[in-house]
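What's counted below: heavy atoms across the whole structure, side chains too, no hydrogens, waters or symmetry copies. All residue numbers in this chain count up from 1 along the given sequence.
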Amino acid sequence: LQIKPDFEESALALYDLYSARAEKKRALKLLESFQDQFGPRKSVAYQLGQYYLEVEDYQKAIKHLMVLESFEPQNL
């Protein structure tokens, strides 16, 4: 991310690494920050939406899942 900070795949890979190491807060902060700086990005929004659904934070889940709808509003 230092070389190319807007590279979505590297942000998602680092998110997976942090998650695997049980560093969920750090992983979440990474994706939220990435989305704020370079978003909206479809796959980042999906990952954030899934996370917030898992922890039952439905307001935040809806916020991120609505980003997906904006990419393909007819594909629901």
Distance-minimising heavy-atom pair for [X] and [Y]:
{"X": "Glu32", "Y": "Tyr52", "value": "OE2-OH, 2.7 Å"}
{"X": "Val67", "Y": "Pro40", "value": "CG1-CB, 3.6 Å"}
{"X": "Ala45", "Y": "Leu68", "value": "CB-CD2, 4.4 Å"}
{"X": "Phe38", "Y": "Pro5", "value": "CE1-O, 3.3 Å"}
{"X": "Leu31", "Y": "Val44", "value": "O-CG1, 3.8 Å"}

Say whether, by atom type as modelled, one donor and one acceptor occur between the side chain of [X] and the main chain of [Y] under 3.5 angstrom.
{"X": "Arg26", "Y": "Tyr15", "result": "no"}
{"X": "Ser10", "Y": "Phe7", "result": "yes"}
{"X": "Gln47", "Y": "Leu12", "result": "no"}

Hey, does [Y] have a side-chain heavy atom less than 4.5 Å from the side chain of [X]?
{"X": "Leu65", "Y": "Leu53", "result": "yes"}
{"X": "Gln50", "Y": "Tyr46", "result": "yes"}
{"X": "Glu8", "Y": "Phe34", "result": "yes"}
{"X": "Met66", "Y": "Ile62", "result": "yes"}

- request: Would you sort out whether Glu56 and Tyr58 count as a side-chain contact (heavy atoms from CB on, under 4.5 Å), showing the intermediate values?
  value: CA-CA 5 Å; Glu56 299 180 3; Tyr58 300 116; 3.3 Å; yes
field: Lys24 atom NZ: more than 12 heavy-atom contacts under 6.0 Å
entry: yes
- request: Give a yes or no on whether Glu9 atom CD has more than 12 heavy-atom contacts from other residues, nucleotides or ligands under 6.0 Å away.
  value: yes
- prompt: When you check the side-chain N and O atoms of Glu23 and Ser19, is any donor under 3.5 Å from an acceptor?
  reply: no
Hey, what do you get for [atom1] ([X]) to [atom2] ([Y]), rounding to the nearest 0.5 Å?
{"X": "Lys63", "Y": "Gln59", "atom1": "NZ", "atom2": "CD", "result": "11.0 Å"}
{"X": "Asp6", "Y": "Gln37", "atom1": "CG", "atom2": "CD", "result": "10.0 Å"}
{"X": "Tyr51", "Y": "His64", "atom1": "OH", "atom2": "NE2", "result": "11.0 Å"}

